[in-house]
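One structure is given below, encoded as structure tokens.
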Amino acid sequence: ARCHIVEGQRWDTFFRFPPCGTVAEIRESRNRSGSKAVTSPAGEAVVEDYSDLGCVECHMPVVERALVAEGETRQTRHHYWRGGHDPAMVKQALSIDFAEYPANAGSATGPDNSSKRVFRLMITNVGAAHYVPTGTPDRHLTVHIRLRDKAGRVLDEEQHRIKRTLMWRPFIIDLWDSRLPRWLPRHYEYSVDGHSPAVSIEAEVRYHLLDENRRERIDYNNTTPVDYEIFRRRIMLTPEQHEAAELAAEQAAI
């Protein structure tokens, strides 16, 4: 577990440990779930059995196979160590929903009687015992909420970054962290005026393996994408438009 160590409690954390560890994050989730693992004064995860960390069960899926040619078939594990490079793995870790939300639903005065409509994107880390994303701090999620007109053009867009931000020079300091701890929902709201010419509102969530500024700075000419979509949903703003969109989707499926 040594290469996944970051204590994360002091400003000088990274004088002692590298900045891409996850044990502090796992410990936070572990304390809620009652795991047997403990942490040593040096920040190391100490367990009687490594399975107490839960890493293997999630990142190394079970497979029935022979370990050598013509050997006995038995249960073992793939060594994929699936994570941020596996879109299915990331999607499995997150619960995401995008829907219209009653304006001022929680206020003492009741629902807002104005023409304003409120849409909410809710994203929760339900499947990873550590923060999402984790690993190198360059990894991050972006949230995009867009208003579109009849032609599909973007009239307005709101963006958010879910990211761990570090200062790298003259020494490494953890500045702030907006990533997703386990089981703590995060929501983003967007209000649409009733007089807007928009016909739809769309939410998209993307996973980024590398910060674009860093990719350009190190002149990394990647042959495979360094980001990918993990969620997208478009909501039509009138019943007629909604019905037309559903019909188009049905026809496309046929």
Side-chain angles (χ1 to χ4, degrees), residues 4 6 8 14 18-29 32 54-55 58-59 80-99 101 118-148 154 156-168 172-191 200-218 220 222 224-235:
H4 290 276
V6 167
F14 302 122
C20 57
T22 58
V23 162
E25 304 163 14
I26 295 172
R27 183 172 64 245
E28 181 178 324
S29 295
R32 300 179 194 174
C55 308
C58 193
H59 290 278
Y80 297 149
W81 207 256
R82 303 175 305 168
H85 289 272
D86 186 333
M89 187 75 170
V90 175
K91 291 178 183 179
Q92 178 181 314
L94 300 175
S95 170
I96 308 176
D97 183 58
F98 182 56
Y101 187 77
V118 178
F119 295 83
R120 172 179 285 183
L121 175 76
M122 183 76 72
I123 179 168
T124 310
N125 170 8
V126 297
H130 47 70
Y131 286 28
V132 175
T134 194
T136 168
D138 265 4
R139 295 186 180 186
H140 62 281
L141 296 166
T142 53
V143 173
H144 307 263
I145 301 177
R146 306 181 182 101
L147 280 181
R148 295 186 181 273
V154 176
D156 186 46
E157 180 173 5
E158 186 176 285
Q159 297 187 35
H160 305 273
R161 286 163 67 92
I162 300 174
K163 190 178 189 301
R164 186 180 195 179
T165 302
L166 304 180
M167 181 178 78
W168 291 98
I172 304 173
I173 294 180
D174 211 342
L175 296 177
W176 58 84
D177 193 345
S178 63
R179 293 175 302 157
L180 302 168
R182 194 174 192 183
W183 301 315
L184 294 180
R186 180 84 50 80
H187 70 266
Y188 301 93
E189 290 187 354
Y190 188 96
S191 298
S200 68
I201 183 170
E202 173 187 82
E204 179 190 20
V205 180
R206 300 189 68 83
Y207 189 98
H208 301 258
L209 291 161
L210 182 65
D211 190 281
E212 180 62 21
N213 290 335
R214 192 179 307 282
R215 188 195 68 78
E216 293 178 357
R217 187 161 63 250
I218 65 177
Y220 175 48
N222 50 295
T224 58
V226 292
D227 68 282
Y228 52 83
E229 178 185 296
I230 58 174
F231 176 86
R232 183 190 294 266
R233 185 184 177 197
R234 182 178 295 184
I235 299 175

Checklist outcome for this item: With sequence neighbours left out, the residues meeting side-chain contact (heavy atoms from CB on, under 4.5 Å) with V226 are L210, R215, Y220, N222
Item to check | Ring geometry between F119 and F98 (parallel below 30°, tilted from 30 to 60°, perpendicular above 60°) | outcome: tilted
Checklist entry - Among E158, Q159, E204, whose side chain to side chain contact (heavy atoms under 4.5 Å, CB included) with R146 holds? => result E204
Next on the checklist: Within this structure, what is the CG-OG1 distance for the pair D177 and T165, rounded to the nearest 0.5 Å?
Outcome noted: 7.5 Å
Checklist outcome for this item: Of all heavy-atom pairs linking I230 and L94, the shortest is CD1-CD1, 3.6 Å
Item to check | N125 side-chain N/O to H130 backbone N/O, donor-acceptor pair under 3.5 Å | outcome: yes
Next on the checklist: Could you report the tightest heavy-atom contact between G127 and C58, atom names first, then the distance?
Outcome noted: O-SG, 4.4 Å
Item to check | Separation between CZ of R179 and CG of L184, rounded to the nearest 0.5 Å | outcome: 13.0 Å
Checklist entry - Are I123 and Y188 close enough that some pair of their side-chain heavy atoms sits under 4.5 Å apart? => result yes
Checklist entry - Could you state the interatomic distance from CG (D86) to OH (Y80), rounded to the nearest 0.5 Å? => result 10.0 Å
Checklist outcome for this item: Between V132 and A93 the two heavy atoms that sit nearest each other are CG2-CB, 4.5 Å
Item to check | Heavy-atom side-chain proximity of P133 to Y207 below 4.5 angstrom | outcome: yes
Checklist entry - Are H144 and E202 side-chain neighbours, meaning at least one heavy-atom pair lies under 4.5 Å? => result no
Next on the checklist: Testing the 3.5 Å rule here: is there a donor-acceptor pair between the side chains of D156 and Y190?
Outcome noted: yes
Checklist entry - How close do V126 and Q92 get, heavy atom to heavy atom, and via which atoms? => result CG2-O, 4.5 Å
Checklist entry - Between D211 and R161, is there a side-chain N and carboxylate O pair less than 4.0 Å apart? => result yes
Next on the checklist: Quick check against the 3.5 Å criterion: does K163 have a side-chain atom that pairs as donor or acceptor with the backbone of P137?
Outcome noted: yes
Checklist outcome for this item: Shortest non-hydrogen pair, V118 vs E189, comes out as CG1-OE1, 3.9 Å
Item to check | Geometric cation-pi criterion, R120 with Y101: 6.0 Å, 45° | outcome: yes
Checklist entry - Should V205 and L121 count as side-chain neighbours, where that means a heavy-atom distance under 4.5 Å? => result yes
Checklist entry - Does a side-chain heavy-atom distance below 4.5 Å link L141 with L180? => result yes
Checklist entry - What residue among T136, D138, D174 forms side chain to side chain donor-acceptor pair (under 3.5 Å) with R164? => result D174
Checklist entry - Can you find a heavy atom in the side chain of V143 that is under 4.5 Å from one in the side chain of R186? => result no
Checklist outcome for this item: CD1 (I201) and CZ (R233) are apart, to the nearest 0.5 Å, by 11.0 Å
Checklist outcome for this item: Closest heavy-atom pair, E229 versus K91, reported as atoms and distance to 0.1 Å, is O-CE, 3.8 Å
